[in-house]
Amino acid sequence: MAHSLAMSYAQMGVKRTLLTLVQVNQKHGFDCPGCAWPEGRHRSPAEFCENGAKAVAEEATLRRVTRDFFAEHSVTELAGRSDYWLGQQGRLTEPMYKPSGSDHYEPVAWDEAFSIIARELRALESPDEALFYTSGRTSNEAAFLYQLMVRRFGTNNLPDCSNMCHESSGSALTQTLGIGKGTVSLDDLYKADLIFVVGQNPGTNHPRMLSALEKAKGNGARIVAVNPLPEAGLMRFKNPQKASGVAGRGTKLADRFLQIRLNGDMALFQALSKLMLEAEDADPGSVIDHEFVETHTHGFHDFEKNVRELEWEDVEEATGLPRAAVEETVQDVLGAKSVIVCWAMGLTQHKNSVATIREVVNFLLLRGNVGRPGAGVCPVRGHSNVQGDRTMGIYEKPSAAFLDALRDEFGFEPPRRHGADAVESIRALRDGQAKVFIAMGGNFVSATPDTAVTEAAMRQARLTVQVSTKLNRSHAVAGEQALILPTLGRTEKDGDRFVTVEDSMGMVHASRGRLAPASPDLLSEVAIVSRLAMRLFDQDGVAGIPWERFEADHDAIRDRIERVVPGFDDFNARVREPGGFTLPNAPRDERRFPTDTGKANFTANALDVLRLAPGRLLLQTVRSHDQYNTTIYGMDDRYRGVHNGRRVVFVNPGDLAERGIADGELVDLVSEWPDGERTAEAFRVIAYSTARGCCAAYFPETNVLVPLDSTADTSNTPTSKSVVVRLERHVAAGGAG
Ligand SMILES: Nc1nc2c(c(=O)[nH]1)N[C@H]1C(S)=C(S)[C@@H](COP(=O)(O)OP(=O)(O)OC[C@H]3O[C@@H](n4cnc5c(=O)[nH]c(N)nc54)[C@H](O)[C@@H]3O)O[C@H]1N2
Ligand SMILES: Nc1nc2c(c(=O)[nH]1)N[C@H]1C(S)=C(S)[C@@H](COP(=O)(O)OP(=O)(O)OC[C@H]3O[C@@H](n4cnc5c(=O)[nH]c(N)nc54)[C@H](O)[C@@H]3O)O[C@H]1N2
Ligand SMILES: [Mo]
């Protein structure tokens, strides 16, 4: 805790820091903007964590970006600054406009800003020439109004950060279980006998999850960590306050650590299933939950045939694990009555991610480990309301049922044609098919792959609009005209109004900011959408959609959400109850699987082993302990022992020796793709424990290496965790080498 407090004092001042932190995730406070991990029923005053504190400090900072700042710094100059420097400048304070041909932002009145956007949107030949991005901090209320405005305008171009995040989970789970979300609650975690934590670094990214895992362990659960890196938070854990996790010291957390190769998880879960089938052969009736399989599932035989044919050589090559390690893990599984699999980006950002997650489902279905206490799937979400935004209709491929409900409620015919996701949006900008780009939060330019391609695409736009709390690269890499619309953050007071969010386990609760806004000129996201909609639609009337009322009265928005989105009955009353309420979840609550077959679907997935050409490594792009996605808090990564620098690459000592490269040397990372090579220069090599043939470096610095067209099958998520690279000795510019 000492570390994060020092950081927040520097940003906020002592009194404000304490006042703010005490209100995080409290019943009458605001939802922590840090991550989507749920709060639990008994919130203690210390229910915040080191990295939650950093996220809050970033937003509650006392530093300000004013009109003088923009007069001093040209857009070109800002584009040359690092993400870290940009983020350190503080909170945005008033709307700014960069006119066509100018290299400076200048102040603009809110009214004028909305007029500019409305003018450019109306000038388009088709509504599909506009793109409306959302990052996952947007409240349910703002998200609902935003998608309503966008669909009323006439497009489903609603890309969001999910496209780069848990889209693969959504795709796989919708097909197999009938719901694109997890099926466990915190209580399930506490009841589980065995918990897999796969492709996730909770010590940094979901620190409060460590307390939950510790409690589960206290109740007798075993924990299996599957990761190419021995992440500090997974291996050992110390819980000084029984509430906030500190990784790296203390007691042992993972009972078993499978140091898997990148992208090896599909083979691992297939192998586990295969061994379970063989154990069933040896002792019929002892392994498989036949009653569950027969009553509740579909497709068992195709699945069974596929995994029985699995070759051990392929498994060993893909996973890098000895067969014995997999066999021992199956013993853990057979000894457990209830099993949960948790995962995050280590599973979702590969070409075969959707198939991999389908294999996780197969593995759980075999023993009926879905829809009963202590068992199920647990995709751990990132942004604090990314799951809620989807529930509210932020989705480029909305279901017919959702659009019908929208039509019936608001009396217009929403567009039916599917819209562009994040990668397709970049292509549309690049190819001149999209001309206006609007972002409700986030930092699209830095978060997306293929930085050079993306930046060039963005600069071609006729207008880019960023609704933001803080300065970031997407303000500097802007369209011909650009607008910055500063908005209230979670921590800030919006009159007596509150908003709502949904956590990673489908709990909906209120979030009420308490701090004075960073500037008197900020508008809430709800107000920004409502006022833009009023301007945009004023010529053809706003009949049926009371935007003005929505801005003033969030209960009025929630009444509409209740009538459009299933599960929000009595929304306004229930969200005022302490702790909020849980959304219905058919697989979890009733063992009902609303898929195309009406059952939980086993699937057969052909294993493709990623084979690299000689000399190549597979690169994963990860978060350090001192960043929140593209917001860089500092230059250290304490848990991995890195200080004062982010341009580092973690490589197995054996792979270094093979290449004759020493720890500490500078290398260039060169990624290879059919359309050419991409280079990220001057990374310091760190000899590190990672699976052979794999390496790791931080994003967003390495996004330049991820080819735009390298995406996951079905979900179209950029393959940020499997980029084929080679290391080349760095030659200093102008130096003799
Ligand atoms: N402090 C902080 N909190 C955050 C964020 C942040 O940036 N900072 N970001 C938020 C967001 S949006 C998200 S989505 C989450 C992200 O949370 P994580 O998914 O934990 O984040 P990453 O840093 O991408 O870490 C990926 C993990 O998966 C492992 N991994 C990579 N590839 C593979 C693989 O092929 N197989 C296996 N088994 N493991 C693999 C990596 O070694 C690493 O431990 O965190 C959220 N919370
Ligand atoms: N190579 C690589 N790329 C990745 C990933 C990876 O693992 N590797 N991870 C991907 C993942 S999982 C994700 S989720 C995306 C993240 O993509 P984004 O969500 O687009 O990026 P963030 O960095 O979270 O956005 C930070 C900005 O959001 C704004 N902001 C913060 N709070 C608020 C708010 O309350 N309201 C509004 N309007 N704005 C706010 C601030 O201006 C801040 O600068 O990145 C993806 N990109
Ligand atoms: Mo994410």
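In each ligand, atom 1 is the first atom listed, and ligand 1 is the first ligand listed. Everything numeric in this text was worked out from a predicted model, so none of it was measured.
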Write out the residue and atom name of the closest protein heavy atom to atom 44 (O) of ligand 2, then the distance separating them to 0.1 Å. N472 ND2, 2.8 Å

Within ligand 1, which atoms have a heavy atom of T204 less than 4.0 Å away? 1 (N), 2 (C), 3 (N)

Which option out of N629, T631, L234 puts a heavy atom nearest to atom 12 (S) of ligand 1? N629

Are T204 and H625 close enough that a side-chain donor and a side-chain acceptor fall under 3.5 Å? yes

Between T348 and S169, is there a side-chain donor-acceptor contact under 3.5 Å, judged purely by atom types and distance? no

Return the closest protein heavy atom for atom 25 (O) of ligand 1 as residue, atom name and distance. V622 CG1, 4.0 Å

Hey, which of N472, N443, D83, N703 is the one that makes side chain to side chain donor-acceptor pair (under 3.5 Å) with T630? N443

Taking a cutoff of less than 4.0 Å between a non-hydrogen atom of the residue and any ligand atom, is K470 in contact with ligand 2? yes

Identify, for atom 31 (C) of ligand 1, the protein heavy atom at the shortest distance, and state residue, atom and that distance. Q620 OE1, 2.9 Å

So for ligand 1, is H383 a polar contact partner (N or O within less than 3.5 Å, distance only)? no

Just heavy atoms, cut-off under 4.0 Å: does N263 contact ligand 1 by side chain, backbone, both, or neither? backbone

Just going by heavy-atom distances, which of D626, D265, N205, L618 is nearest to atom 37 (C) of ligand 1? D265

Could you tell me whether K54 and E58 make a salt bridge, using a distance below 4.0 angstrom between a side-chain N and a carboxylate O? no

The option among E701, E167, R623 carrying the non-hydrogen atom nearest to atom 9 (N) of ligand 2 is R623

T702 near ligand 2 by a heavy-atom separation under 4.0 Å: no

side-chain contact (heavy atoms from CB on, under 4.5 Å) partner of R490, the single match among V56, V501, L515: V501

For ligand 1, find out whether one of its N or O atoms is nearer than 3.5 Å to an N or O atom of I260. no

Should you measure from each heavy atom of V198, which atoms of ligand 1 turn up under 4.0 Å away? 38 (N)

N51 heavy atoms within 4.0 Å reach ligand 1 at atoms 1 (N)

Starting from atom 10 (C) of ligand 1, what is the nearest protein heavy atom, named by residue and atom, and what distance separates them? Y628 OH, 3.5 Å

Would you check whether R381 reaches within less than 4.0 Å of ligand 1, judged by its heavy atoms? no

Nearest non-hydrogen contact to atom 34 (C) of ligand 1 from the set G346, C161, A447, P379 belongs to G346

If we number the atoms of ligand 1 from 1 as shown, the ones under 4.0 Å from a heavy atom of M345 are 14 (S), 16 (C), 19 (O), 24 (O)

Can we say R611 and D314 salt-bridge, meaning some charged N sits less than 4.0 Å from an Asp/Glu carboxylate O? yes

Consider only side-chain N and O atoms of R81 and Q89, and report whether a donor and an acceptor are under 3.5 Å apart. no

Out of all atoms in ligand 1, which are within 4.0 Å of some heavy atom of V226? Include the element for each. 37 (C), 38 (N), 39 (N)

Taking atom 20 (O) of ligand 1 as the point of reference, which of T621, N201, T348, L258 owns the nearest heavy atom? N201

Under 4.0 Å, heavy atoms only, figure out whether ligand 2 is touched by the backbone of R490, its side chain, both or neither. neither

Does a side chain donor of either K721 or S353 reach within less than 3.5 Å of an acceptor in the other side chain? no

So, D713 side chain and N352 main chain: donor-acceptor pair closer than 3.5 Å or not? no

Run the salt-bridge test on E167 and R390 with the 4.0 Å N-O cut-off and return the result as yes or no. yes

Could you identify the single nearest non-hydrogen protein atom to atom 32 (N) of ligand 1 and state the distance to 0.1 Å? L262 CD2, 3.1 Å

Under 3.5 Å side-chain donor-acceptor pair for S168 and S715: yes

How far is atom 26 (C) of ligand 1 from its nearest protein heavy atom, and which residue and atom is that? K721 CE, 3.6 Å

With heavy atoms only and a cut-off of under 4.0 Å, state how H166 meets ligand 1: side chain, backbone, both or neither. neither

Of the protein's non-hydrogen atoms, which lies at the shortest distance from atom 11 (C) of ligand 1, and what is that distance? G382 CA, 3.3 Å

What's the shortest distance from atom 38 (N) of ligand 2 to any protein heavy atom, and which residue and atom give it? E525 OE2, 2.7 Å

Taking atom NE2 of H475 and atom CG of L92, what is their separation to the nearest 0.5 Å? 5.5 Å

Return the set of residues passing ring-ring contact (aromatic ring centres under 6.0 Å, His included) with F257 (not counting sequence neighbours), or none when no residue passes. none

Could you identify the single nearest non-hydrogen protein atom to atom 8 (N) of ligand 1 and state the distance to 0.1 Å? Q627 O, 2.7 Å

Considering non-hydrogen atoms of the protein only, which is the closest contact for atom 42 (O) of ligand 1, and what is the distance? N227 OD1, 2.6 Å

Hydrogens and angles aside, do S689 and Q259 bring a side-chain donor and acceptor to less than 3.5 Å of each other? yes

Using the six-membered ring wherever Trp is involved, compare the ring planes of F650 and Y698 and label them parallel, tilted or perpendicular (cut-offs 30° and 60°). perpendicular

Subset of ligand 1 atoms that lie under 4.0 Å from at least one heavy atom of H206: 15 (C), 17 (O), 45 (O), 46 (C)

For ligand 1, note which part of Q349 has a heavy atom under 4.0 Å away: side chain, backbone, both or neither. neither

Please compare A691, P33, C165, G199 and report which has the shortest non-hydrogen distance to atom 39 (N) of ligand 1. G199

Using a strict threshold of under 4.0 Å (side-chain N to carboxylate O), is an ion pair present between E231 and R640? yes

Using heavy-atom distances, let me know which of L488, T469, L619, D160 sits nearest atom 41 (C) of ligand 2. T469

Considering only non-hydrogen protein atoms, determine which one is nearest to atom 21 (O) of ligand 2 and report residue, atom name and distance to 0.1 Å. N443 N, 3.6 Å

Protein residue, atom and distance nearest to atom 28 (O) of ligand 2, heavy-atom basis: G442 N, 3.1 Å

Where does E231 meet ligand 1, judged by heavy-atom distances below 4.0 Å: at the side chain, the backbone, both, or neither? side chain

Less than 4.0 Å between a side-chain N and a carboxylate O, is that true for D450 and R678? yes

Do the side-chain N and O atoms of N140 and T500 include a donor-acceptor pair separated by under 3.5 angstrom? yes

Any donor-acceptor pair under 3.5 Å linking the side chain of R208 with the backbone of P38? yes

Just to verify, what does F144 make a ring-ring contact (aromatic ring centres under 6.0 Å, His included) with, not counting sequence neighbours? none

